[in-house]
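Only heavy atoms go into these numbers, but all of them, side chains included; no hydrogens, no water, no symmetry mates.
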Amino acid sequence: MSLIIDLTDLSAAYGTRLLAEAGHEVIRVEPRSGDRLRRLGPHVGEHLDLEHGPYHMFLNMGKKSLTLDLKNEMGCEVFLDLVRTADVLISNDPLPVDEKLLRQINPRLVLSILENELPEICAYARSGLMYITGQPSQRPVLAGAHVAYAITGLYVAIATAAAINLQNSRGQGESVRVSAQQSLESLMEQAVVAFTSSGEITRRRGLRGQITAVSGALQCADGYWMVSVPPNPEAWTKIKEWVGDPALSTDPTLDDDTGRNQKRDFILDRLEAWSKQFSKEYLVNGAQNRHMAASPVGTPVELVRDPQLMERGFLREIIHREFGRITVPGGAISTPRQVDLHQAPLLGQHNAEIMNRLGYSKLEQQALLDSGAI
């Protein structure tokens, strides 16, 4: 496993979290005042401090914390000593130290850099994703909760893992640069293919799908459910018989997919009027029994109580140092690999451990502390 130095901001921090899940040792280098992730809210309970922000508690889980002032000459020297021992350095652009110097002191180093050409909202808009997100009759909207940065972080993890494989096979360093904007643009590939092959422009559909005529999230008695009916006569016959709506069963123009595409909103309006009578569980089970893709539209509260996520180990309980027993996401990679991530570190929690490993004596560590370097 690799020793990874983490200098990422929010847009790439999920990537280093995934690498920690894979079993790599990730050392997050932070300023003495703590990094931005620690300050992002909302915060848990009354703990409005650097240790209890949800982004920090999730994205820094499984990592170690080393505080360094990289503008301090002595702090920069410690950083370079750390680079000499590391396998990977992951950072947002720009790097705090000249790349040539890093290559000089550690030729085997993998450098993985996320280029931030635009702020999140601008990159999301430029990628085309904003154009297809939202209600058809209203303005485009931005996906919330920094979802876009989960995508950019994922690409950082993939690119870094590929570079580590090359490093292991060739014995030399690699440099990879990931474009935040192009990472988001990759999600528009299907819309691009649809236009170049048929001239069809993918548009905002809100809760309703565009790939198949009968698909979307529909209101039900206890929230919303999602259904996608395959574009074949057998599936259409099954849902007609299940719903029992004369407006759908007696209209011959709906018997082929072209007709259903032309009247998709009419069909979905009728289905929603019917589904409002029933629960999510009844509707999803009924659709799946008829071989139609269906799912409840889960709320955050439902997700943290989801018995399947608990059974599969994706959600698990940990004993938090202050909050006691809490439920946290185990992680997409750590769950199947059975890597037990420790909770997010306290600011500077691993300073002594890392400084000892680098060969600094207690007197030298105290001098660095007194100088403001660590």
Side-chain angles (χ1 to χ4, degrees), residues 129-138 140-145 147-148 150-151 187 190-191 194 202-251 253-257 259-315 327 329 332 335:
L129 288 171
M130 187 176 284
Y131 182 79
I132 64 172
T133 309
Q135 296 296 330
S137 60
Q138 299 178 15
V141 299
L142 174 69
V147 167
I151 304 302
L187 302 185
Q190 185 166 305
T202 302
R203 303 183 187 277
R204 293 188 297 284
R205 291 278 295 160
L207 298 178
R208 297 182 172 184
Q210 180 159 331
I211 305 304
T212 59
V214 188
S215 65
L218 307 175
Q219 191 173 355
C220 57
D222 55 351
Y224 290 84
W225 70 300
M226 173 69 72
V227 64
S228 180
V229 180
N232 58 60
E234 295 79 13
W236 176 243
T237 298
K238 287 179 181 179
I239 197 164
K240 280 195 308 182
E241 293 175 349
W242 183 26
V243 174
D245 183 346
L248 300 179
S249 58
T250 61
D251 185 345
T253 65
L254 302 181
D255 289 339
D256 64 79
D257 197 47
R260 291 192 290 274
N261 272 303
Q262 292 172 348
K263 293 185 176 181
R264 62 173 65 198
D265 285 326
F266 167 75
I267 296 171
L268 292 173
D269 286 341
R270 300 299 299 183
L271 291 180
E272 186 165 61
W274 166 77
S275 71
K276 286 179 180 179
Q277 308 170 71
F278 307 104
S279 69
K280 285 190 257 189
E281 182 178 8
Y282 169 82
L283 293 164
V284 170
N285 288 340
Q288 291 180 348
N289 288 338
R290 292 168 174 81
H291 305 289
M292 302 170 196
S295 172
V297 175
T299 67
V301 173
E302 289 169 339
L303 284 177
V304 299
R305 297 172 179 171
D306 190 309
Q308 180 166 341
L309 292 179
M310 295 291 289
E311 180 66 26
R312 290 171 60 87
F314 184 81
L315 292 176
T327 300
T335 297

Item to check | Side-chain (Gln277) to main-chain (Trp274) donor-acceptor, under 3.5 angstrom | outcome: yes
Checklist entry - Donor-acceptor pair, Glu272 side chain versus Gln219 backbone, under 3.5 Å? => result yes
Next on the checklist: For the backbone of Glu302 and the side chain of Asp306, can you confirm whether one donor and one acceptor N or O come within less than 3.5 Å of each other?
Outcome noted: no
Item to check | Arg264 side chain vs Gly209 backbone, donor-acceptor pair below 3.5 Å | outcome: yes
Checklist outcome for this item: Closest non-hydrogen contact found for Leu283 with Trp242 is O-CH2, 3.3 Å
Checklist entry - Atom CZ of Arg270 and atom CG of Asp245: how far apart are they, to the nearest 0.5 Å? => result 4.0 Å
Item to check | Glu241/Arg290 salt bridge by N-O under 4.0 Å criterion | outcome: no
Item to check | Exam field: side chain Asp251 to backbone Ala247, donor-acceptor pair closer than 3.5 Å | outcome: no
Checklist entry - What heavy-atom pair brings Leu271 and Val243 nearest, and what distance separates the two atoms? => result CD2-CG2, 3.6 Å
Checklist entry - Looking at Gln210 and Ser215, what are the two nearest heavy atoms and their distance? => result N-OG, 4.3 Å
Next on the checklist: Taking Thr335's backbone N and O only, do any of them form a donor-acceptor pair with Arg312's side chain (distance below 3.5 Å, no angle check)?
Outcome noted: no
Checklist entry - Name the one of Ile132, Thr133, Leu268 that satisfies side-chain contact (heavy atoms from CB on, under 4.5 Å) with Arg205? => result Leu268
Checklist entry - So, does Arg204 use its side chain to make a donor-acceptor pair with the main chain of Ser137 at under 3.5 Å? => result no
Next on the checklist: Please report the interatomic distance CZ(Arg260) to OG1(Thr253), rounded to the nearest 0.5 Å.
Outcome noted: 10.0 Å
Checklist entry - Which heavy atom of Pro296 sits nearest a heavy atom of Val284, and at what distance? => result N-CG2, 3.4 Å
Checklist outcome for this item: Taken to the nearest 0.5 Å, the spacing of Thr237 OG1 from Asp255 CG works out to 7.5 Å
Next on the checklist: My understanding is that only residues two or more places apart in sequence, or in another chain, count here; which of them pass side-chain contact (heavy atoms from CB on, under 4.5 Å) with Ser279?
Outcome noted: Asp222, Glu281, Tyr282
Checklist entry - Got a second to check how far Ile267's CD1 is from Ile239's CD1, nearest 0.5 Å? => result 9.0 Å
Checklist entry - To the nearest 0.5 Å, how far apart are CG in Leu315 and CD in Gln308? => result 11.0 Å
Item to check | Shortest non-hydrogen contact from Pro230 toward His291 | outcome: CG-O, 4.3 Å
Item to check | SB check Asp269 Lys263 (cutoff 4.0 Å) | outcome: no
Item to check | Heavy-atom pair of closest approach, residues Thr212 and Ser228 | outcome: OG1-OG, 3.4 Å
Checklist entry - Between OG of Ser249 and CH2 of Trp236, what distance do you get to the nearest 0.5 Å? => result 9.0 Å
